[in-house]
Amino acid sequence: MMILGIETSCDETSIALLHDNNVVANQVYTQAIHSHYGGVVPEIASRAHVQKIDRLCETVLKELNISLAAIDLITVTDSPGLAGALLVGISFALGIHCGFSIPIIGVNHLEGHIASVTLENPQLHFPFLALVVSGGHTAIYRVDDFGSYSCLGQTIDDAAGEAFDKVGKLLGFPYPAGRAIEQEANKNSSQEPLSFPIARLCTQGIDFSFSGLKTAVKYFVEDHPKEYITENISRICDAFQTAVINSLTQNVAIAVKKTNITQIACVGGVACNNTLRKSLRSNFGERNVFFPAPSFCTDNAAMIAKAGKENYLRGIRRIPTMNPSGAL
Ligand code: KG4
Ligand code: ZN
């Protein structure tokens with residue numbers, strides 16, 4: 001079965017080809033222009049997708065010498081995401097669907113992130129817990145099968161990746177700042193203690209909050225001279241990153257206790273973070289924690305192809321309909 005994956009929900013235009021469970025192509029074009037603005041500008045993102053998507057698809061098919069007639073299923077992200085950006089991918093996918101009479105299925109982006117871990121990791125079995133940590137979302141799901149998810153808790157304000165990006169902006173790093181903060185934190189050798197508070201929520205579920213942490217870093221930066229911040233940048237990054245990781249790890253521990261499920265998948269852009277990977281592995285056991293390869297953590301179309309394929313094989317049919325806030 002040859003599956004075409006299309007992803008345009010935010011600032012990555014991506015086209016993938018999945019042959020059965022093998023990713024034969026996964027081209028991702030990241031729109032660097034947004035770093036000028038310190039965040040994604042929706043209208044610029046939509047226009048950049050329009051300029052890129054058809055040639056990207058053509059290149060992928062040409063490189064593999066595959067014609068559209070060889071595609072068995074079109075999968076496309078239809079929710080959640082930026083309205084205009086989603087529309088570009090959906091319109092492109094529907095055009096191919098109508099022109100070549102190829103079956104099509106809409107895919108939830110978060111479902112794609114969860115499916116990304118199953119492109120590899122055959123040892124991972126249902127049910128498992130999925131910690132989704134990206135620039136737009138932070139949540140823990142119980143995953144009973146493809147297409148069967150229950151949200152156990154989520155952020156009530158900023159997503160973890162968003163906190164990395166906003167704190168990065170405060171500290172002068174370009175957008176997106178997650179990787180740069182991790183690299184800076186790794187340089188910290190100071191013994192002088194520094195910690196930032198993380199909100200403890202009294203909600204019933206297993207929710208997160210990162211906006212107070214971001215404000216704490218903001219006040220710290222404002223309360224100290226510029227030279228002090230520059231000299232202590234790695235210490236600040238380390239303290240901020242530790243606070244985020246502790247919060248994620250603590251909530252996963254509560255989810256494990258509540259559900260008695262011991263296998264954990266950590267997915268989304270923030271799952272690239274090696275300190276987070278180490279924390280989850282040391283707390284829950286090396287063999288119980290699974291991650292996608294870094295190229296499948298950040299936004300990509302291979303994960304959309306995988307989720308769409310599995311849903312389609314389970315009899316799920318969904319004509320793509322743009323839904324910017326579509327929950328899983
Ligand atoms: O999944 P993704 O590509 O896009 C969304 O669906 O949001 O995630 C992007 C997010 C950005 O916020 C970026 O700063 C963060 O992932 N990120 C990281 C790292 N690499 C990417 N955060 C922390 N540490 C990293 N190494
Ligand atoms: Zn994403």
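Numbering starts at 1 and runs along the sequence shown. Order of listing sets the numbers, starting from 1, for every ligand and every atom in it.
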Next item on the list: Could you verify whether a donor N or O on one side chain and an acceptor N or O on the other, from R235 and N232, lie under 3.5 Å apart?
Entry: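 Note: R235 and N232 side chains meet the donor-acceptor criterion.
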Element-labelled atoms of ligand 1 that are located less than 4.0 Å from some non-hydrogen atom of [X]:
| X | result |
| --- | --- |
| G135 | 5 (C), 7 (O), 8 (O), 9 (C), 10 (C), 12 (O) |
| E182 | 25 (C), 26 (N) |
| G161 | 12 (O) |
| G136 | 7 (O) |
| H109 | 6 (O) |
| G269 | 1 (O), 2 (P), 8 (O), 16 (O), 17 (N), 18 (C), 19 (C), 20 (N), 21 (C) |

Item checked: Residues that H109 engages under ring-ring contact (aromatic ring centres under 6.0 Å, His included), provided they are two or more places apart ->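 So H109 forms a ring-ring contact (aromatic ring centres under 6.0 Å, His included) with H113.
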Item checked: Atoms (protein N, O or S; no water) under 2.8 Å from the Zn ion (ligand 2) ->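 Those protein atoms number 3 in total.
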Notebook entry, point to check: Would you say N251's side chain and I254's backbone share a donor-acceptor pair under 3.5 angstrom?
Noted result: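 Absent.
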Item checked: Sidechain-backbone polar pair: D207 side chain, G153 backbone, donor-acceptor under 3.5 Å ->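 It does not hold such a pair.
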Next item on the list: Tell me, please, whether F146 has R314 positioned over its six-membered ring: NZ or CZ under 6.0 Å from the ring centre and within 45 degrees of its axis?
Entry: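 No, R314 and F146 do not form such a contact.
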Next item on the list: Tell me whether the guanidinium CZ or amine NZ of R317 lies under 6.0 angstrom from the six-membered ring centre of Y312 and within 45° of its axis.
Entry: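 That pair qualifies as a cation-pi contact.
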Note to self: So is A159 touching ligand 1 or not, going by heavy atoms under 4.0 Å?
What the structure shows: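 Not so, A159 does not reach ligand 1.
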Item checked: N or O contact, C272 vs ligand 1, cut-off under 3.5 Å ->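 In fact, backbone or side chain, C272 has no N or O that close.
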Checklist line | Ring-ring centroid check F290 F128, cutoff 6.0 Å | finding: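 No.
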